[in-house]
Visitor: 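Can you read through this structure? Questions will come right after.
Remember, predicted model here, so these are calculated numbers, not experimental data.
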Amino acid sequence: MNRVISKLLVVLLMNSSVQALTESEYIQTLLNNHAFFEKEQINLEIKKIEMEGDRANYSNWSWDVSGELGRIEKKLTKDTSYTYTHASNQTTKKISTDLSKKFFSSGSEINFSYDKSWPIKNEVKHKKQEYYSDVNTTEYLDDIKLSWTIPLLKNRSGVIDQKTYDLAVLDYQDEILVLMEVKEDFIEDKLMSFFDWVSYEAQINIVENRLILSQKILNILQKNTSSKSNILTFERSIDKTQRLLLSLQSKLKANQKALSILLEKVELEKNSPIIDWDAHPDLIQDLRAHCRQFVRDLTRIEIEQEKNKRTIKTYQNSQLGDFDFTISASKDLNKGNYSSYSKSNEIEYEAKFDFSYPLTGDVTNQVYLDKNKLKLRQLELKYKEKFDDILSEAEKLTVELVQGAAQLNLYKKQIAVSEAQKFNNELDLFLEGGGNIRYAINEQDDSQELLLGYIQTVIEYQKNRIHYDSLLDRLLANFE
């Protein structure tokens with residue numbers, strides 16, 4: 001029986017084109033050439049830049065350098081027995097640098113600072129209106145400090161500071177899923193047009209074969225000087241078939257026009273579509289387990305839950321008091337501004353605990369904490385609703401696919417029976433003068449409808465197969 005079906009479909013669906021566009025080639029062409037995916041890929045790259053920027057902003061070394069160059073002019077006019085009248089000018093040069101880094105593992109921060117200044121001062125003094133000179137004096141200061149601060153309560157392990165980066169990582173993971181989902185939804189939609197293309201061409205071949213046969217029969221009727229009534233009846237049948245052909249050709253042209261925009265580099269006239277007419281989906285036995293593990297819509301809700309939990313963790317930690325442990329070491333080299341020349345060298349070590357806590361609490365922080373705790377339940381309900389929807393749709397498609405396969409087997413049996421019984425029996429009887437023209441036309445109509453029905457049922461079955469794989473996020477499993 002299958003051999004009979006295969007022979008019949010080869011005749012009906014045979015194309016004169018040397019080349020053919022398969023389902024896989026069509027998908028790959030769309031994935032390679034369509035600018036739509038480039039736009040979505042850019043969105044993913046933006047998320048990656050944001051994520052890396054958040055990490056760099058938190059954990060990279062921060063190095064600042066500053067300098068100062070100035071001049072001060074000063075004159076004191078008061079002159080008593082115990083004060084000086086003096087004019088002075090001072091040139092100041094300063095430079096400072098700060099280097100700091102935060103650590104992801106502990107939330108601690110290390111700081112290094114260095115400050116240096118070189119003032120030079122010139123003074124002219126008078127006391128009791130008598131000139132009192134002074135030599136040029138200079139002073140300098142070298143200040144070096146190294147400190148390490150570890151948060152022990154609030155912001156312990158960097159839970160507050162790292163929030164932005166942690167959320168950015170989850171956003172990036174979500175964007176990867178968004179890109180995959182957009183691709184699969186787009187391909188699913190365009191595959192529907194691909195199967196319509198196949199369907200229209202197959203139906204056109206069937207109808208054209210019917211017209212060729214009908215025209216041959218009409219020629220025989222006209223040569224055999226059949227009754228005018230019979231000829232008119234048969235011509236009306238041909239007109240009806242031609243109207244169907246025109247309708248199918250119009251749909252095919254519109255379909256190809258839309259596809260030509262998507263397949264700019266493919267010559268549709270030379271690359272007719274071809275499909276596996278016997279393709280069957282691999283039906284999943286444990287739909288619940290598959291959905292929880294592989295369906296992206298559910299994974300995205302799980303990411304949303306993780307983001308909410310991470311936010312709650314931050315707000316909970318923010319309720320704690322500031323309790324930090326700091327160790328530091330510093331060294332000061334100092335030459336004072338005295339004519340007698342003074343100089344000091346001071347080294348200091350320090351270890352301390354700092355604690356502070358707002359007794360009135362933080363109302364804003366509590367509001368956001370309560371809000372996000374409620375959102376936990378909201379997301380649980382959202383997950384359940386989406387899970388139930390996908391599971392329900394998958395089970396519905398499973399039933400349709402099983403019934404569709406059974407329906408296709410019935411079509412094959414009917415076509416095989418028609419072939420075995422030579423479906424032109426009524427026509428032969430009529431041409432031999434023993435039948436009715438209307439019976440012959442009805443027989444041809446039935447044969448055509450049987451073949452068209454088979455084509456339409458196959459295409460609907462293949463569309464359900466695609467929808468089933470897309471729903472369960474495995475349509476592009478072989479293209480990733």
Visitor: Can you pull the side-chain hydrogen bond (donor to acceptor under 3.5 Å, both in side chains) pairs that have at least one residue in residues 389-403, sequence neighbours excluded?
Guide: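 Every side-chain hydrogen bond (donor to acceptor under 3.5 Å, both in side chains) pair that includes a residue of residues 389-403, provided the two are not neighbours, is E393-H467.
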
Visitor: Going by salt bridge (charged side-chain N to carboxylate O under 4.0 Å, His left out), name the residues that satisfy it together with K375, two or more places apart in sequence or in a different chain.
Guide: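 Listed in chain order: nothing, the list is empty.
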
Visitor: Could you work out, with ring-ring contact (aromatic ring centres under 6.0 Å, His included) as the rule, every residue matching F294, not counting sequence neighbours?
Guide: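 If we apply the ring-ring contact (aromatic ring centres under 6.0 Å, His included) test to F294, skipping adjacent residues, the hits are H290.
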
Visitor: For Y315, check ring-ring contact (aromatic ring centres under 6.0 Å, His included) against everything at least two apart and list the hits.
Guide: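 ring-ring contact (aromatic ring centres under 6.0 Å, His included) list for Y315, sorted by chain: Y368.
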
Visitor: For the pair R55 and E52, find out whether any cationic side-chain nitrogen is under 4.0 Å from an anionic carboxylate oxygen.
Guide: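 Between E52 and R55 there is no salt bridge, as every charged N stays at least 4.0 Å from the carboxylate O atoms.
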
Visitor: Counting N and O atoms only, with roles assigned by atom type, does the side chain of N155 sit under 3.5 Å from a partner on the main chain of I160, one being a donor and the other an acceptor?
Guide: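 Indeed, once roles are kept as given, a pair shorter than 3.5 Å links the two residues.
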
Visitor: Tell me every residue that passes salt bridge (charged side-chain N to carboxylate O under 4.0 Å, His left out) with E385, counting only those two or more places apart in sequence or in another chain.
Guide: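 E385 satisfies salt bridge (charged side-chain N to carboxylate O under 4.0 Å, His left out) with no other residue.
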
Visitor: Can you confirm whether E68 is buried at CD, in the sense that more than 12 heavy atoms of other residues, nucleotides or ligands lie under 6.0 Å from that atom?
Guide: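 More than 12 within 6.0 Å, yes.
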
Visitor: S100 versus E109: any side-chain heavy-atom pair under 4.5 Å?
Guide: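 Yes, close enough: below the 4.5 Å cut-off.
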
Visitor: Run the salt-bridge test on K94 and D115 with the 4.0 Å N-O cut-off and return the result as yes or no.
Guide: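 Here K94 does not pair with D115 in a salt bridge, since their nearest N and O are not under 4.0 Å apart.
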
Visitor: Using the side chain to side chain contact (heavy atoms under 4.5 Å, CB included) criterion, which residues pair with A279? Sequence neighbours excluded.
Guide: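 A279 satisfies side chain to side chain contact (heavy atoms under 4.5 Å, CB included) with D276, Q462, R465 once adjacent residues are dropped.
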
Visitor: Take T326 and S147, measure what side chain to side chain donor-acceptor pair (under 3.5 Å) needs, and give me the verdict at the end.
Guide: CA-CA 7 Å; T326 302; S147 67; over 6 Å; no

Visitor: Between the side chains of E181 and R300, is the shortest nitrogen-to-carboxylate-oxygen separation below 4.0 Å, so that they form an ion pair?
Guide: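 No salt bridge links R300 with E181.
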
Visitor: Taking only residues two or more places apart in sequence or in another chain, which ones pass salt bridge (charged side-chain N to carboxylate O under 4.0 Å, His left out) with R156?
Guide: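 Residues passing salt bridge (charged side-chain N to carboxylate O under 4.0 Å, His left out) with R156: none at all.
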
Visitor: Tell me every residue that passes side chain to side chain contact (heavy atoms under 4.5 Å, CB included) with W63, counting only those two or more places apart in sequence or in another chain.
Guide: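 If we apply the side chain to side chain contact (heavy atoms under 4.5 Å, CB included) test to W63, skipping adjacent residues, the hits are V65, T97, L99.
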
Visitor: With a distance cut-off below 6.0 Å to the six-membered ring centre and an angular limit of 45° from the axis, does K101 pair with F103 as a cation-pi contact?
Guide: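 Yes.
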
Visitor: Apply the test side-chain contact (heavy atoms from CB on, under 4.5 Å) to residues L376 and Q305: give CA-CA distance (whole Å), side-chain angles for both, the deciding distance (0.1 Å), then the verdict.
Guide: CA-CA 7 Å; L376 278 177; Q305 289 174 321; 5.6 Å; no

Visitor: Is the backbone N or O of N372 less than 3.5 Å from a side-chain atom of N308, with the two atoms forming a donor-acceptor pair by type?
Guide: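 Looks like yes, one N/O pair under 3.5 Å.
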
Visitor: Please say whether more than 12 non-hydrogen atoms of neighbouring residues, nucleotides or ligands are located less than 6.0 Å from CD1 in I274.
Guide: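 Open.
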
Visitor: Side-chain contact, heavy-atom cut-off 4.5 Å: F37 with I187?
Guide: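 In short, these two side chains touch, coming nearer than 4.5 Å.
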
Visitor: Under 4.5 Å between any side-chain heavy atoms of R474 and E184, yes or no?
Guide: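 They are not in side-chain contact.
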
Visitor: How about N255 and K257: do any of their side-chain heavy atoms sit closer than 4.5 Å?
Guide: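 No, too far: nothing below the 4.5 Å cut-off.
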
Visitor: Does K190 offer a backbone N or O that forms a donor-acceptor pair with the side chain of Y26 under 3.5 Å?
Guide: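 Checking the backbone N and O of K190 against the side chain of Y26, a donor-acceptor pair under 3.5 Å is found.
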
Visitor: Start with the C-alpha gap between D370 and Q366, add the side-chain angles, then the distance that decides, and say whether side chain to side chain donor-acceptor pair (under 3.5 Å) holds.
Guide: CA-CA 6 Å; D370 294 341; Q366 187 62 48; 2.9 Å; yes

Visitor: Has S157 got a side-chain atom pairing as donor or acceptor with V159's backbone, closer than 3.5 angstrom?
Guide: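 No: the side chain of S157 does not pair with the backbone of V159.
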
Visitor: At their closest point, which heavy atom of A351 faces which heavy atom of I327, and how far apart are they?
Guide: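 So the two residues come closest at CB-CG2, 3.9 Å.
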
Visitor: Are the side chains of L31 and I27 in touch, meaning some heavy atoms are under 4.5 Å apart?
Guide: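 Of all side-chain heavy-atom pairs linking I27 with L31, at least one is under 4.5 Å.
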
Visitor: Any side-chain heavy atom of K373 sitting closer than 4.5 Å to one from I312?
Guide: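 The answer is yes, as the side chains (C-beta and beyond) meet within the 4.5 Å cut-off.
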
Visitor: Are D196 and K463 within salt-bridge range, i.e. N to O under 4.0 Å?
Guide: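 Result for this pair is yes, salt bridge flagged.
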
Visitor: Among residues at least two apart in sequence or on other chains, which ones pass ring-ring contact (aromatic ring centres under 6.0 Å, His included) with Y461?
Guide: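 For Y461 the ring-ring contact (aromatic ring centres under 6.0 Å, His included) partners, ignoring immediate neighbours, are H280.
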
Visitor: Examine distances only and state if a side-chain atom of T299 and a backbone atom of V295 form a donor-acceptor pair shorter than 3.5 Å.
Guide: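 Looks like yes, one N/O pair under 3.5 Å.
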
Visitor: Does L146 reach the side chain of N111, with side-chain heavy atoms less than 4.5 Å apart?
Guide: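 L146 vs N111: side chains apart.
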
Visitor: Any side-chain to backbone donor/acceptor pair from N317 onto L153? Under 3.5 Å, distance only.
Guide: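 Pair found, side chain donor or acceptor close to backbone of L153.
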
Visitor: With the side chain counted from C-beta on, respond yes when L263 and L21 share a heavy-atom pair under 4.5 Å apart, and no when they do not.
Guide: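 Yes. Closest side-chain heavy atoms under 4.5 Å.
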
Visitor: For K307, enumerate each residue passing the side chain to side chain contact (heavy atoms under 4.5 Å, CB included) test, keeping only those at least two apart in sequence or located in another chain.
Guide: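 Scan of K307 (side chain to side chain contact (heavy atoms under 4.5 Å, CB included), adjacent residues dropped) gives L167, L170, D171, I303.
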
Visitor: Check for a donor-acceptor pair, side chain of D142 on one end and backbone N or O of D332 on the other, with a separation under 3.5 Å.
Guide: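 Checking the backbone N and O of D332 against the side chain of D142, no donor-acceptor pair under 3.5 Å is found.
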
Visitor: Measure from the side-chain N and O atoms of N32 to the backbone N and O of Q28, and report whether any donor-acceptor pair falls under 3.5 Å.
Guide: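 Yes: the side chain of N32 pairs with the backbone of Q28.
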
Visitor: Looking only at heavy atoms, which two atoms of P281 and Y468 are closest? And how far apart?
Guide: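 That would be CB-CD2, 4.4 Å.
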
Visitor: Checking D166 now: which residues fulfil salt bridge (charged side-chain N to carboxylate O under 4.0 Å, His left out) with it, not counting sequence neighbours?
Guide: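 Partners of D166 under the salt bridge (charged side-chain N to carboxylate O under 4.0 Å, His left out) test: R310.
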
Visitor: Does the ring center of F323 lie less than 6.0 Å from the ring center of Y357?
Guide: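 No: the rings miss the under 6.0 Å criterion.
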
Visitor: Pair K384, F387 - check side-chain contact (heavy atoms from CB on, under 4.5 Å), show working.
Guide: CA-CA 5 Å; K384 184 180 184 304; F387 179 84; 5.6 Å; no

Visitor: Kindly give the heavy-atom pair with the smallest separation between F194 and I275, and that separation in Å.
Guide: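 Heavy-atom minimum between the residues: CE2-CG2, 3.5 Å.
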
Visitor: Under the ring-ring contact (aromatic ring centres under 6.0 Å, His included) rule, collect the residues that match up with F325, sequence neighbours excluded.
Guide: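 In terms of ring-ring contact (aromatic ring centres under 6.0 Å, His included), with neighbours along the sequence ignored, F325 is linked to F353.
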
Visitor: Are more than 12 heavy atoms from other residues, nucleotides or ligands located less than 6.0 Å from atom NZ of K39?
Guide: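 More than 12 heavy atoms, drawn from other residues, nucleotides or ligands, come within 6.0 Å of this atom.
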
Visitor: Under a 3.5 Å distance rule, please check whether E25 uses its side chain to pair with a backbone N or O of T22 as donor and acceptor.
Guide: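 A pair under 3.5 Å: yes.
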
Visitor: With distance as the sole test, does S199 use its side chain to make a donor-acceptor pair with the main-chain N or O of F195 at under 3.5 Å?
Guide: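 No, the answer is negative, given that no donor and acceptor are paired below the 3.5 Å cut-off.
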
